Amino acid sequence: MDPVTQSVQQMYEQYPYPSGLPNMTAGFDIRLLLSYVEQSPKDSRPYHALEAGCGRGPAVLAAATLQPEVTFSAMDINTVGLKEATLNAEQRGLNNLTFHQVDLMALTGITVPEGGFDVIHCAGVLHHTADPQLGLNNLAEILAPHGVMSIMLYGTYGRQALYRLIDCIDILSPIQAQISERIAPGRLLAEAAEDSLFKDNYWSSTYLNPDVEFVDTCLNVKETSFDVTGLWQFIENAGMKFVRWVEPDVWSVDKRIKNPELRARLKALSEFEQYKIMERLFEIPKLEFIICKNTNQQRVPTTAAAVEASGFAVNPEVSFQVTKRNLNNAQRIESVAYKVRGREAVIEADPILGSILLLLSEQNSHFSGADMLNVLIQHGASRDYAYELIDSLLQKEVIFVLHRR
């Protein structure tokens, strides 16, 4: 193990990250992730997923609990976190999840399924390694040809206020000091930043974070951040291809730019140029994205002709809210709203679409396009309009198309 990795290991074993209970995160549902790309698995074996850098394991514990049909592996260098995660998995009776102590710089000690992992999840890890490019290259080698990676890296432009605070901490409390000695002065500076650097932005209340979170954010012994230009090169160097952002709305000119003249000028640029402007114009501290191998590609939209023969599922990153009114011996549905990840909730005005959303809110298994088409027609939609509604649900990410297996 190289010296940088050793220092990172020591820090995280002293302050095991992350804090909190198991919680399903965006970019961790296996069927949804695989639906983003064109290639599908060539056999019907169970899906195999890897979390590269699991820490105490809250994300993978939640994912394994909610997806018992998927075989999960999780790796980290943090022996303290791994011990806790393993015990937690045993207490939950999870037999589809195993933990391994593995150094991402060498990637020895992990059993790779035949053909590679279908999905690799790596959030907040590569930027703390001695060589992020080597880490990504190693992960690319164990990814299946049809597979995808869900990655989170720190964004340089979105973290500028934080980096100014870290500079202040390093001046007040030199990095040679013990981490435990640096927490208190670091908190004082972070509290002072509430009325300056951190006022009304993402970093507000950082000084109140638990020690584990504060150390990870403000006192980390190794950190690299990326801008869009560097990210594109980083992905290309690994023989990988950008598929999409986990939350496209964050990077969308249409969603975030109000002035129509400016929006039109930006839309005339390439997507790459648009992203470069968005990262400078808005505070985006995390770059969360999906990538695949160069031999794969982003999945093309489903045509109307293919709808009936396709399988669908409700996006697990969508939540529904149904408002009901109790009447005399009856109950009336007042409204149906849905929310995709961190976006604002949408109350659907179209009565037909509202009826379908109500059905989808109770749907926990996959269904065919033919069935959905028939239900829409039964609710009064013409066949052409039914196709439009299905396309709208796909575009809004309420539903997604499953790969055939």
Side-chain angles (χ1 to χ4, degrees), residues 18 25-28 36 122-128 132 149-168 190 193-209 213-214 216-218 220 223-236 241-291 298 315 317-319 338-346 395-397:
T25 59
F28 218 140
Y36 293 148
C122 187
V125 176
L126 289 168
H127 47 238
H128 293 313
M149 287 193 209
S150 177
I151 309 281
M152 186 277 278
L153 298 171
Y154 290 158
T156 300
Y157 286 99
R159 300 177 75 82
Q160 288 181 345
L162 175 65
Y163 290 152
R164 288 170 62 185
L165 173 76
I166 291 173
D167 286 344
C168 293
E194 289 292 292
D195 295 322
S196 56
L197 291 173
F198 294 172
K199 189 172 184 178
D200 300 325
N201 68 12
Y202 180 88
W203 308 105
S204 177
S205 300
T206 293
Y207 76 101
L208 295 174
N209 286 349
E213 307 291 336
F214 189 82
D216 177 72
T217 302
C218 300
N220 211 294
E223 179 171 317
T224 305
S225 61
F226 293 79
D227 60 15
V228 166
T229 301
L231 177 62
W232 255 234
Q233 190 63 56
F234 181 63
I235 294 170
E236 183 180 326
K241 181 185 298 182
F242 179 83
V243 175
R244 57 167 281 162
W245 301 107
V246 169
E247 181 46 88
D249 280 10
V250 170
W251 298 86
S252 170
V253 168
D254 287 327
K255 298 292 185 180
R256 304 199 71 172
I257 302 299
K258 297 179 181 179
N259 183 284
E261 180 183 354
L262 177 59
R263 187 164 59 240
R265 291 176 71 97
L266 294 181
K267 292 286 285 184
L269 301 175
S270 68
E271 284 192 343
F272 177 64
E273 291 172 316
Q274 290 176 42
Y275 296 153
K276 289 172 66 176
I277 288 178
M278 298 302 280
E279 72 174 343
R280 289 163 170 82
L281 198 58
F282 296 96
E283 187 180 49
I284 307 175
K286 298 178 180 180
L287 311 182
E288 300 177 278
F289 56 95
I290 311 298
I291 56 177
Q298 185 176 17
N315 185 346
E317 296 174 357
V318 173
S319 59
Y338 66 90
K339 182 177 182 178
V340 182
R341 292 181 291 271
R343 303 175 193 174
E344 292 185 2
V346 177
Q395 294 297 321
K396 295 173 180 176
E397 297 192 87

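Just so you know, these numbers come straight off a predicted model, no measurement behind them.
Without hydrogens or angle criteria, Thr217 side chain to Glu213 main chain gives a donor-acceptor distance under 3.5 Å. Side-chain atoms of Arg244 come within 3.5 Å of backbone N or O of Val246 as a donor-acceptor pair. For Glu397 (side chain) and Val340 (main-chain N/O), no donor-acceptor pair under 3.5 Å exists by modelled atom type. Side-chain atoms of Glu247 do not come within 3.5 Å of backbone N or O of Arg341 as any donor-acceptor pair. Panel note: side chain Arg265, backbone Glu261; no donor-acceptor pair is recorded below 3.5 Å. Between the side chain of Ser205 and the main chain of Leu208, no donor-acceptor pair closer than 3.5 Å is present.
Put simply, the side chain of Thr224 does not reach to within 4.5 Å of the side chain of Tyr154, judged on heavy atoms. No side-chain heavy atom of Val253 sits less than 4.5 Å from a side-chain heavy atom of Leu269. At least one side-chain heavy atom of Trp232 sits under 4.5 Å from a side-chain heavy atom of Tyr275. Leu162 is not listed as a side-chain neighbour of Pro285, based on a closest heavy-atom distance of 4.5 Å or more. At a threshold of 4.5 Å between non-hydrogen side-chain atoms, the residues Arg280 and Phe282 do not count as touching. A 4.5 Å side-chain heavy-atom check between Trp203 and Leu165 finds every atom pair outside the cut-off.
Between Glu223 and Arg159 there is a salt bridge, since at least one side-chain N of the basic residue sits less than 4.0 Å from a carboxylate O of the acidic one. In this structure, Asp254 pairs ionically with Lys267, as a charged nitrogen and a carboxylate oxygen lie closer than 4.0 Å.
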Could you please spell out the steps behind the side chain to side chain contact (heavy atoms under 4.5 Å, CB included) verdict for Met152 and His127?
CA-CA 9 Å; Met152 186 277 278; His127 47 238; 4.1 Å; yes
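The line from CD1 of Ile284 to OG1 of Thr156 is 12.0 Å long, rounded to the nearest 0.5 Å. Note that CG of Leu287 and CD of Glu279 are 7.0 Å apart. Values are rounded to the nearest 0.5 Å. Between atom OG of residue Ser204 and atom CG of residue Asp195 there is a gap of 9.5 Å, rounded to the nearest 0.5 Å. Between atom CD of residue Gln233 and atom CZ of residue Phe226 there is a gap of 11.5 Å, rounded to the nearest 0.5 Å. The CD1 atom of Ile235 sits 6.5 Å away from atom CZ of Phe242, with the distance rounded to the nearest 0.5 Å. Between Glu288 atom CD and Trp251 atom CH2 the span is 10.0 Å, to the nearest 0.5 Å.
Within 6.0 Å of CZ on Arg164 lie no more than 12 heavy atoms contributed by other residues, nucleotides or ligands. Around the CZ atom of Arg256, the shell of radius 6.0 Å holds more than 12 heavy atoms that belong to other residues, nucleotides or ligands. Counting heavy atoms of neighbouring residues, nucleotides and ligands inside a 6.0 Å radius, atom NZ of Lys286 does not exceed 12 of them.
Residues satisfying the side chain to side chain donor-acceptor pair (under 3.5 Å) test with Asn315, not counting sequence neighbours, are none. Residues that satisfy the salt bridge (Lys or Arg N to Asp or Glu O under 4.0 Å) test with Glu271, not counting sequence neighbours, are absent from this structure.
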